[in-house]
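Report on the structure given below.
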Amino acid sequence: MDDASAPQTVDLAKEYETSGVAEVLRELDEELIGLAPVKQRIRETAALLLVDKARRDLGLEVETPTLHMSFTGNPGTGKTTVAMKMAGLLHRLGYVRKGHLVNVTRDDLVGQYIGHTAPKTKEVLKKAMGGVLFIDEAYYLYRPDNERDYGQEAIEILLQVMENNRDDLVVIMAGYADRMDKFFSANPGFRSRIAHHIEFPDYTDGELSKIAEAMLEQQHYHFDDAGRQAMADYIHHRRKQPHFANARSIRNALDRARLRAANRVFQTEGALDAIALSTITEADIRISRVFKGGLDVDQRSPS
Amino acid sequence: MRITQGCFSFLPDLDDVQISQQVEYCLENEWAIGIEYTDDPHPRNTYWNMWGNPMFDLRDPKGVMMELDDCRKSHGDSYIRIVAFDDERGVESVKMSFIVNRPAEEPQIHMQRTDFVDRAQKYAWDVRA
Ligand SMILES: Nc1ncnc2c1ncn2[C@@H]1O[C@H](COP(=O)(O)OP(=O)(O)OP(=O)(O)O)[C@@H](O)[C@H]1O
Ligand SMILES: [Mg+2]
């Protein structure tokens, strides 16, 4: 130890509270329903990083840990939402300087012609410095069928930055599990640079019901009892239909339900109270095409 | 001859940590950052070459420092300055500008005095090696 002013002891529990880490984890717990394995992994990662930080404060040698991550799971399972929390968490822990999240897909990184890709990728990287770069559906960067695909150029720049700028930004790659696996086996460079693989399970019907309830509450709406049951039935049917996107399907369904509720109260005569204006009833849900077989009935998106 | 223009030019050259801190200050004010270079430091030369586009929406000075490194690699023997632009309505102009790179050997700014009618004098400056 060369620094005489370094403290002799640390209080991890106190550090946990004062750094704000505890608060982020509490928020994560409260705001996100389900996702137990994800929350567990994040708690473990936070503990590891907190201990690393304490070791550094005591003057023990620590390498900058590799923090790049991959989030795999089906659409609407909360990957983007968790990534945002992760950025806040890493910021509190002092592993990124600013703690913002830059959300990109292939189109933001890869150009249309020769010489277009490198500046585009660099532009994004500059914006992400000090924060988290979230690459959604990362496997689209890699097109094995076209060996002159410009995606390769973006991949090379990313690999370099992920290695050389580990203090400056954290990269999170997200996508569906099977395609991410293929992507990583074709690009071992990424595999070796990513230390944390976190899987996002699909939500159960019960969790989706709770998510629906929570989303409505945020918008100051609520179900009546029959409406709640209708929503549960809706979830049951919707899951088996194409393009099911977990919590996002719920959000979309609720948006349409509110639209129908508005139409319904609009046709009611006489005075309306606040309750009438904020209740989602059975009729608002059951009218959905999902109950008539959904997409199979016609080719439009289920309403 | 040491060229003095923009902020800080009467101070010793800023090192990269200090440049980074100044950029941080600019970003906190939500100014866009541009990097410009030239081999003609004549004070009347307001149009320096742009090194890429001005950078909007950065959160951290590291992005600017990366560009500065690249610019130094290509134009290490030129003057390079960092320019901070405020896009606020009614301002819309450069708020701050400072030199971050100089050629190893700086040119002279040479003054030429010429006699004119009725003992008047005219002055002109040029940059010469
Ligand atoms: N556990 C949860 N509790 C409450 N709301 C949730 C939960 N998970 C997701 N949501 C909501 O569902 C929506 C979709 O989530 P998000 O965008 O994070 O999914 P995603 O996994 O990134 O999807 P995609 O792979 O399609 O990008 C958001 O509006 C989010 O607020
Ligand atoms: Mg997403």
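Just so we're on the same page: letters track the sequence lines, and every chain starts at 1. No hydrogens, no waters, no symmetry mates; every other heavy atom, side chains included, goes into these values.
The contact list for residues 54-64 of chain B toward chain A, using heavy atoms and a distance under 4.5 Å, reads Met55(B), Phe56(B), Asp57(B), Leu58(B), Arg59(B), Asp60(B), Pro61(B), Lys62(B), Gly63(B) by residue number. Residues of residues 89-101 of chain A that come within less than 4.5 angstrom of chain B, heavy atom to heavy atom, are Arg97(A), Lys98(A), His100(A) in numerical order.
For Arg2(B), the CZ atom counts as densely surrounded, since its 6.0 Å shell holds more than 12 non-hydrogen atoms of other residues, nucleotides or ligands. Counting non-hydrogen atoms of neighbouring residues, nucleotides and ligands closer than 6.0 angstrom, the CD atom of Gln160(A) reaches no more than 12 such neighbours. At most 12 non-hydrogen atoms from other residues, nucleotides or ligands lie less than 6.0 angstrom from CD of Glu30(B). For Ile114(A), the CD1 atom counts as loosely surrounded, since its 6.0 Å shell holds 12 or fewer non-hydrogen atoms of other residues, nucleotides or ligands. Within 6.0 Å of atom CD in Glu92(B), more than 12 heavy atoms from other residues, nucleotides or ligands are found, so the atom counts as buried in its surroundings. Counting heavy atoms of neighbouring residues, nucleotides and ligands inside a 6.0 Å radius, atom CD of Glu105(B) does not exceed 12 of them. In the displayed structure, Glu106(B) atom CD is contacted under 6.0 Å by more than 12 heavy atoms of other residues, nucleotides or ligands.
At a threshold of 4.5 Å between non-hydrogen side-chain atoms, the residues Met65(B) and Met129(A) do not count as touching.
Every residue was checked against the ring pair (Phe, Tyr, Trp, His ring centres under 6.0 Å) condition with Tyr142(A), not counting sequence neighbours, and none meets it. Residues forming a side chain to side chain donor-acceptor pair (under 3.5 Å) with Asp126(B) (at least two apart in sequence, or on another chain): Arg128(B).
For the atom pair Met66(B) CE and Asn164(A) CG, the distance stands at 9.5 Å (nearest 0.5 Å).
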